[in-house]
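A short worksheet on the structure shown next.
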Number of protein chains: 2
Amino acid sequence: MGVKERRAREKEQLRQQILSAARELFVTEGYENVSMRKIAAKIEYSPTTIYLYFKDKAELLDSVCKETLLNLLDTLERLNRDKSDPLETLRKSGRAYVEFGLKHPQEYKLTFVVRPQFQQGLGLEEGSVGEKVFNYLCAMVFECIRQKVFRQMDVEMTGQVLWAAVHGVTLLLIDFPDFPWSEKDALIDMVLQTTIEGLKG
Amino acid sequence: MGVKERRAREKEQLRQQILSAARELFVTEGYENVSMRKIAAKIEYSPTTIYLYFKDKAELLDSVCKETLLNLLDTLERLNRDKSDPLETLRKSGRAYVEFGLKHPQEYKLTFVVRPQFQQGLGLEEGSVGEKVFNYLCAMVFECIRQKVFRQMDVEMTGQVLWAAVHGVTLLLIDFPDFPWSEKDALIDMVLQTTIEGLKG
DNA sequence: GATTTAACTTATCAGTGTTAATTATACCAG
DNA sequence: CTGGTATAATTAACACTGATAAGTTAAATC
């Protein structure tokens with residue numbers, strides 16, 4: 001019964017082909033400027049074939065974003081966490097988050113800006129990869145509190161404060177590249193430093 | 001020679017009519033889902049008439065955003081600033097900023113998210129209203145430093161840190177309404193409190 | 001070898017931003 | 001009041017868009 005499996009494999013392969021063509025185009029041209037026809041041309045299939053694999057353009061975006069979130073989560077989890085210095089770990093994670101956004105600005109915007117615009121606020125629902133990213137942040141906050149580097153406070157809310165900080169600076173730097181920002185690295189450091197300082201016990 | 005003036009007045013009137021129809025539709029339906037034809041239908045003119053008043057759809061968005069920024073600036077400037085308590089003034093301004101965003105979520109997104117997507121990063125150029133909003137923030141930071149409530153530091157960079165914080169929390173709350181945020185007011189307060197605490201001398 | 005099933009394409013629809021050509025309107029000089 | 005002119009607004013059209021239904025081809029099963 002290897003036939004069905006082979007067919008399934010082939011199907012999955014085309015699915016991936018569509019997906020990576022879509023991401024490449026979304027990133028280089030912007031979601032708005034990419035048509036189903038362009039994606040189809042890139043993989044040399046007819047436009048309607050895509051609809052056999054994805055419900056519509058939004059679902060295509062959805063899948064691309066899911067991959068991005070997986071990448072982000074992976075980037076964060078790869079950081080060698082030093083349990084004995086939770087503050088430094090948190091700082092490094094914050095930096096990694098922002099740098100991920102700046103390294104893949106289009107993907108970051110697709111995930112955290114474009115997607116919620118086209119599907120009302122999805123991407124962080126229970127069990128989602130987005131939620132896992134947030135939980136990762138919270139885990140580090142928890143560790144800082146446990147070791148009394150941070151004062152006693154609501155872990156979730158603190159995670160949200162941190163998230164707001166890194167999300168804010170990331171988007172500003174991406175969206176307004178011509179604004180006379182202070183030196184980029186110094187700014188990111190200051191955002192993290194300020195937030196961390198403000199959370200200390 | 002009152003004819004020319006009247007004609008100019010009428011022209012300006014129609015321009016405003018187009019603009020307010022556009023904003024209303026942008027806000028209720030979202031920029032993407034509003035067509036020039038819909039705007040035209042709303043004001044009962046032919047679609048192409050709009051092009052006599054605005055170069056294209058992006059310029060229409062541009063003008064709507066400029067108005068939004070003026071509103072935001074006005075909202076901030078109306079706050080009665082208490083020179084003797086620059087910290088409280090700063091906190092109040094921060095709150096006002098976030099609340100403006102939450103009160104007009106679509107307008108906020110149009111201005112700070114959609115526009116930079118359709119025109120690369122415009123809106124904060126020299127002399128723009130956007131820049132004035134940022135300068136307003138900086139002026140308050142400067143006052144806090146001058147009165148030695150904040151430690152000595154780069155005013156611009158500090159302003160950017162503050163902006164990142166309020167921008168971040170505003171967008172998160174708007175874009176992911178279904179996420180289990182902590183109580184909204186408490187979260188905003190904590191963002192402001194944390195940032196301010198982190199900047200103190 | 002016939003039949004079922006899956007994969008893919010063609011043709012088409014209603015709607016998009018935008019431009020060029022055209023018509024209608026309001027003004028002014030004689 | 002008339003004829004001409006400038007300006008405002010419209011009609012028609014173009015090259016696209018996302019999406020669907022119907023049709024076609026190729027492969028696998030019996």
Side-chain angles (χ1 to χ4, degrees), chain A residues 1-19 21-26 28-65 110 114-115 117-120, chain B residues 1-23 25-26 28-65 110 114-115 117-120:
Chain A
M1 277 295 144
V3 171
K4 268 209 169 130
E5 296 171 12
R6 198 206 63 210
R7 297 258 261 186
R9 221 165 41 233
E10 283 174 357
K11 233 189 134 155
E12 181 55 26
Q13 212 169 337
L14 181 47
R15 212 192 102 97
Q16 282 302 325
Q17 228 182 110
I18 296 171
L19 217 54
R23 173 167 46 246
E24 212 174 306
L25 286 171
F26 286 166
T28 55
E29 320 244 339
Y31 181 70
E32 326 293 343
N33 306 315
V34 174
S35 67
M36 299 303 255
R37 287 163 175 86
K38 273 190 198 169
I39 299 173
K42 197 176 175 72
I43 57 169
E44 298 181 287
Y45 276 81
S46 97
T48 47
T49 299
I50 301 176
Y51 288 93
L52 300 174
Y53 293 79
F54 299 91
K55 185 177 153 287
D56 53 21
K57 201 183 167 191
E59 193 180 295
L60 211 41
L61 172 63
D62 225 61
S63 302
V64 168
C65 291
L110 282 176
V114 178
R115 175 152 82 149
Q117 200 157 39
F118 284 82
Q119 308 196 21
Q120 71 265 33
Chain B
M1 276 297 142
V3 171
K4 265 204 171 137
E5 295 171 13
R6 198 208 62 213
R7 297 258 260 186
R9 221 164 42 233
E10 281 174 359
K11 234 187 136 158
E12 181 55 27
Q13 213 169 337
L14 181 46
R15 212 192 102 96
Q16 282 302 325
Q17 226 182 112
I18 296 171
L19 216 55
S20 79
R23 172 167 50 244
L25 287 171
F26 286 165
T28 54
E29 321 244 340
Y31 180 71
E32 326 292 343
N33 306 316
V34 173
S35 67
M36 298 303 255
R37 287 165 174 84
K38 272 191 202 168
I39 300 173
K42 198 176 174 70
I43 58 170
E44 298 181 288
Y45 276 80
S46 99
T48 48
T49 299
I50 300 175
Y51 288 91
L52 301 174
Y53 294 80
F54 298 91
K55 185 177 154 288
D56 52 22
K57 201 183 168 190
E59 193 180 294
L60 212 40
L61 171 63
D62 225 60
S63 302
V64 168
C65 291
L110 282 176
V114 177
R115 173 151 85 151
Q117 200 158 40
F118 285 82
Q119 307 197 22
Q120 71 265 31

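All values derive from a computational prediction rather than experimental measurement. Residue numbers begin at 1 in each chain, while the letters A, B, ... track the order of the sequences.
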Side chain to side chain, S63(B) and R23(B), heavy atoms closer than 4.5 Å: no
List for me each residue that meets side chain to side chain donor-acceptor pair (under 3.5 Å) alongside T48(B), sequence neighbours excluded, and say none if there are none. S46(B)
For residues 43-63 of chain A, which residue pairs qualify under ring-ring contact (aromatic ring centres under 6.0 Å, His included), counting only residues two or more places apart or in two chains? none
Side-chain donor/acceptor of K38(A) to backbone N/O of N33(A), under 3.5 Å: yes
Any side-chain N or O of T49(A) under 4.0 Å from OP1/OP2 of dT9(C)? yes
Find the distance Q17(A):CD to dA7(C):C1' and express it as a whole number of Å. 15 Å
Sub-4.5 Å side-chain heavy-atom contact between V34(B) and T28(B): no
In whole angstroms, how far is the P atom of dT16(C) from the CG atom of L25(B)? 12 Å
Which nucleotide sits closest to the side chain of L14(A): dA8(D), dC8(C), dT20(D)? dC8(C)
For the side chain of T48(A), starting at C-beta, report the closest nucleotide among dA7(C), dT20(D), dA8(D). dT20(D)
Output the rounded distance in Å from CG (L52(B)) to P (dT25(C)). 16 Å
Rounded off to whole Å, could you give me the OH-to-P distance for the Y51(A) and dT20(D) pair? 7 Å
Got a sec? Which of residues 30-46 of chain A come in under 4.0 Å of DNA chain D, heavy atoms? V34(A), S35(A), M36(A), R37(A)
Whole-Å gap separating P (dA6(C)) and NZ (K11(A)): 9 Å
Short side-chain N/O contact to dT18(C) OP1/OP2 from K57(B), under 4.0 Å: no
Report the distance from atom CZ of F54(B) to atom P of dT18(C), rounded to the nearest whole Å. 13 Å
Within this structure, what is the CD-to-C1' distance between E59(A) and dA19(D), rounded to whole angstrom? 14 Å
Does some side-chain heavy atom of L61(B) sit less than 4.5 Å from a side-chain heavy atom of Q119(B)? no
Using a cut-off of strictly less than 4.0 Å, decide whether Y53(A) has a side-chain nitrogen or oxygen near OP1 or OP2 of dA7(C). no
On the ring face of F118(B), is K57(B) found with NZ or CZ under 6.0 Å from the centre and within 45° of the axis? no
